[in-house]
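What follows is a set of notes on a single structure, which appears directly below.
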Amino acid sequence: MEDYFPFKDVEEKWHKRWEELFRCDVAKSENKFYCLMMFPYPSGNLHVGHGRNYIIGDALARFKMMEGANVLAPMGWDAFGLPAENAAIKNNIHPAEWTKNNIKRMKEQFDRWGVTYDWSREITSCEPEYYKWTQWLFIRLYKAGLAYKQAASVNWCPSCKTVLANEQVVGGECERCGSKVEQKKLEQWFFKTRKYAERLLQDLDKLPMAEVLIERGGVKEEGVRFIEEVKQIQVAEREKAQFTKKGFFTGCYAVNPATNKKIPVFLASYVLMEYGTGVVMGVPAHDQRDFEFVKESPLEIPVIQVIRPSGSHGELPELEAAYTNEGEMINSGPFDGIKNSIAMEKIYETLAEKGMAKKAVHYRLKDWLISRQRYWGAPIPMIHCKRCGTVPVPEEDLPVVLPEDVDFMPRGDGKSPLATSEEFVKTKCPVCGDDAERDTDTMDTFVDSSWYFLRYLSPNIDEKAFDSDLVNRWLPVDQYIGGIEHAILHLLYSRFIVKFLYDEGLIDFDEPFERLFTQGMIYRDGAKMSKSKGNVVSPEPLIEKYGADTVRIYTLFIGPPEKDAEWNDRAVEGAYRFINRVWRLYSKNAQLLDNVADRSVSIDPEALPAEMIPLYRKVQQTTHKVIEGVLGGSFHFNTAISSLMELTNEIYAFNERFKEEIAKQDEAIVGLFVLSIKNLLLLLSPMAPHLSEEIWERMGFKESIFKQTLPTVDSKYILAEKYTLVVQINGKIRAKIEVEKDTDSDKLKKIALENKRIAALKTITIPGKLVNIVVKER
RNA sequence: GCGAGAGUGGCGGAAUUGGCAGACGCGCUGGAUUUAGGAUCCAGUGAGGCGACUCGUGGGGGUUCAAGUCCCCCCUCUCGCACCA
């Protein structure tokens, strides 16, 4: 008997066979299930926190297969991006090569977890075959009037003379050299996401997912704004705002239309031109920023309190900070005495009647700035001609290939690295044929990832971006799984692009994802795993020591998948013990179980002796719980595993109790025993696939366990025929009595009252649960 | 500041419609087995009390026969965004 599951001997064998299993025939779209996991950035190493995403997705894909679905589970690489360029600069390796190496390594990591995909559909966003179509998308947007050029600020390091990403700015300083970062205006490309703001907001209702709320923060309606009256004020010459929260008195006054009082007008450094009209009403008594402005400024600015804190009386003390809570209005003319939240609406109504105000909706959504002054991205396919202006590269000339031999070290003139390649820059104008220059910026990597899920259906076609027919049959994605960090922008951009393609008539759906699931982060020592904190847990040593199934089971068992969880090295052993407990169930009984498939073993539940019914019932209850818990929509693998542990414990007890009968091959007992083990394996297999497949094969089944259907539930046996009735007095438990399952209320009441002879005022009877007796005094 | 989420044993976490709080696992304790250790198997394990009992789901109120769950107020923590008013 082998005491431990020999995972090292069998894992590889199964990885090879599963590749076939996961190859999807997309021509058959009936009963399709598109299970999409966010394609990762190939940063080099996956840790167990990343693993959660892929393990959840893999387990789900396998459950769906066993439910009979035609599962499409593809994978690819979001392969353009800043880290490749940083690594290149640091280690003097070409970004393309660095990326390629990382992809190779990460693919191996997927494999070791037993996470399987349809690799025949692999896509890599940095390959010309792919980014050709990212460029094509840009041109479509441009031709539809949704791409435009405008000056916008970038972070600029005056010492490195280069553009910095937000991430590279730490505390206002360049992370590399520590110089103070400046803002510099550059002409850049934008996509008009704002044009889709209303639809992006409205259609959120089509997405049944918890994360909707997160995105509501991104596209948000701003409330009432008093625009009209302030527009009349002439804004004086603006003083340059190089200091924070300082102001300049214009000498002008505005009139507060609600009270008809004069208000001094200031220029303030902290008011953003880009937001709203660029003009705001300062309320120093009730806005902390305005309050600080008044405090920091040498100017004499009156602070008028207009909200009296709830419950306060008499003279109001001088404020030490802005009062931002509820209260009633004071110093507000006709609105005095009204609760501030109500007054807000009242003031609006009054002004609206006079035609002085109107409600406006402000989406907290900017147009999408897609230009990046970087090398490692898809070149923007535009040509600048002196005579014809900016013109798109003709579609037949795509892709605009990213030249390999470019010096992408910081050059110090602020231009994109591509500008150094004369060969790249110099071109002919496609309109007039004259000498012209290519745009030297590349696209934001979010553009690459905003359409990749369409490409998976036909990853290799070179005459178009995607096959509309296949895409229409397979999308929207049935289940999208990914990290919370991408739940906002990536989702927004993908939705924008899909709506655009819908408007262009290229696809017939306008939301890309049917359901989204964002899994929680895995923490370690109270912080999320990161290289800089040095708290990452690598999967390899764990898989080496305990096997892939242990790591999978632990990862799924750690907690509800949507919540954050703390990694605990020692608790991994619990998963390891469980795996081996299941294995021993087999190995202890190998004589019986080896090739048991070839024999007919069956049971008739109706004919089972009473002492065997509890196990049969446990099998039914577990089956019900696992299938409901996982496929019922909540992906609660943690409770599914716990109930499989319970079942395992019960099979152990059964095995021990009927040891001799099993040895003697008693038909009924062996039948139930084998059934229990079969169901245990079927339910466990998506989560611990190596173990389950191996035992399944040894039991003599010729086909993969993932080609089996999930066990069905004999629902008659879900409820026990007896249960523990709780008897409460005044809501406190006073007795517990075993009763028959179908006992009616009257009978229950009688049983309870006989048990405790109490003069009852009132009795609450809940069949199946409890009897609560209410008495006057205890 | 805005937005989102979360507070249950020593720890991770369970608890249909409000109906036995703490399933399952980790850790700990004890027993079996073993020359011993490890591994394995079995049992116990919220706190207090000898006890019948009492107290317990961040804190305080409330609704109810009954509250982790519903309502009001407060506290703490985590994440995301932001000179966005």
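Per chain, numbering begins at 1; letters A, B, ... match sequence-line order.
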Gap separating the [atom1] atom of [X] from the [atom2] atom of [Y], nearest 0.5 angstrom:
X	Y	atom1	atom2	value
A/Leu615	A/Leu647	CG	CG	7.0 Å
A/Ser685	A/Leu680	OG	CG	10.0 Å
A/Met645	A/Thr648	CE	OG1	8.0 Å

[N] [atom2] sits how many Å from [X] [atom1], rounded?
X	N	atom1	atom2	answer
A/Glu566	B/C79	CD	P	13 Å
A/Asp564	B/A6	CG	P	11 Å
A/Asn580	B/G38	CG	C1'	15 Å
A/Asn638	B/A23	CG	P	15 Å
A/Arg584	B/U40	CZ	P	6 Å
A/Leu489	B/G3	CG	C1'	14 Å
A/Tyr652	B/U40	OH	C1'	9 Å
A/Glu656	B/A32	CD	P	17 Å

- line: With the side chain defined as heavy atoms from C-beta on, A/Tyr523 is closest, among B/A39, B/G19, B/U78, to B/U78
query: To the side chain of A/Gln728, which of B/C24, B/G19, B/U40 is closest?
result: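 Of B/C24, B/G19, B/U40, B/G19 is nearest to the side chain of A/Gln728.
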If I pick the [atom1] atom on [M] and the same atom on [N], what distance separates them, to the nearest angstrom?
N	M	atom1	result
B/G5	B/G58	C1'	16 Å
B/A36	B/A43	P	24 Å
B/G51	B/U33	P	31 Å
B/C24	B/A14	P	14 Å
B/G10	B/A23	P	14 Å
B/C79	B/U45	C1'	35 Å
B/U63	B/C70	C1'	8 Å
B/C20	B/G25	C1'	22 Å

- prompt: In residues 644-651 of chain A, which residues come under 4.0 Å of RNA chain B by heavy atom?
  reply: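 Contacting residues: A/Met645, A/Glu646, A/Asn649.
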Neighbours of RNA chain B within residues 544-558 of chain A, by heavy-atom distance under 4.0 Å: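 A/Phe557, A/Ile558, in order of number.
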Could you pull out all residues at least two apart from [X] that satisfy side chain to side chain donor-acceptor pair (under 3.5 Å)?
X	result
A/Asn568	none
A/Glu656	A/Lys659
A/Asn655	A/Asn589

[X]: which residues meet the salt bridge (charged side-chain N to carboxylate O under 4.0 Å, His left out) condition with it, sequence neighbours left out?
X	result
A/Lys618	A/Glu646
A/Asp746	none
A/Lys747	none
A/Asp564	none

task: Evaluate the criterion side chain to side chain contact (heavy atoms under 4.5 Å, CB included) for residue pair A/Leu556 and A/Asn638; output intermediate values, then yes/no.
output: CA-CA 6 Å; A/Leu556 294 170; A/Asn638 56 330; over 6 Å; no
query: Could A/Arg194 and A/Asp367 be called an ion pair, given the rule that one side-chain N must be under 4.0 Å from one carboxylate O?
result: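 Yes, this pair counts.
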task: Specify whether A/Trp583 and A/Phe5 have parallel, tilted or perpendicular ring planes, treating 30° as the upper limit for parallel and 60° as the lower limit for perpendicular.
output: tilted
message: Ring-plane angle category for A/Phe635 and A/Phe637, please: parallel below 30°, perpendicular beyond 60°, tilted otherwise.
response: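 The rings of A/Phe635 and A/Phe637 lie parallel, inter-plane angle below 30°.
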For nucleotides 26-28 of chain B, give me every protein contact, N/O to N/O, under 3.5 Å, one pair per line with atom names.
residue, atom, partner, partner atom, Å
B/C26, OP1, A/Arg577, NE, 2.8
B/C26, OP1, A/Arg577, NH2, 2.7
B/G27, OP2, A/Arg577, NH2, 2.7

- prompt: Hey, where does RNA chain B pair up into stems, meaning at least three consecutive Watson-Crick or G-U pairs with distances under 3.5 Å?
  reply: B:1-7 with B:75-81, B:10-12 with B:24-26, B:27-32 with B:40-45, B:46-48 with B:53-55, B:58-62 with B:70-74
message: Just N and O in the side chain of A/Arg581: are any of them under 4.0 Å from OP1 or OP2 of B/C41?
response: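 A/Arg581 to B/C41 OP1/OP2: side-chain N or O found under 4.0 Å.
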- prompt: Between A/Ala653 and A/Ile641, which has a closest nucleotide on RNA chain B that is more 5'?
  reply: A/Ile641
message: When you compare the side chains of A/Tyr546 and A/Glu573, does any donor N or O come within less than 3.5 Å of an acceptor on the partner?
response: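 Their side chains do contain a donor-acceptor pair, which is all the 3.5 Å distance test asks for.
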message: Checking A/Trp368 against A/Asp444: is there a side-chain donor and acceptor pair closer than 3.5 Å?
response: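 Side chains of A/Asp444 and A/Trp368: pair found under 3.5 Å.
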task: Apply side chain to side chain contact (heavy atoms under 4.5 Å, CB included) to A/Trp567 and A/Tyr554, showing your working.
output: CA-CA 9 Å; A/Trp567 184 270; A/Tyr554 177 65; 3.5 Å; yes
- prompt: What form does the base of B/G9 take, syn (within 90° of 0) or anti?
  reply: syn
message: Would A/Arg581 and A/Tyr652 count as a cation-pi pair here, with the cationic atom under 6.0 angstrom from the ring centre and within 45° of the axis?
response: yes
Show the distances under 3.5 angstrom between N or O atoms of the protein and N or O atoms of nucleotides 67-70 of chain B.
none

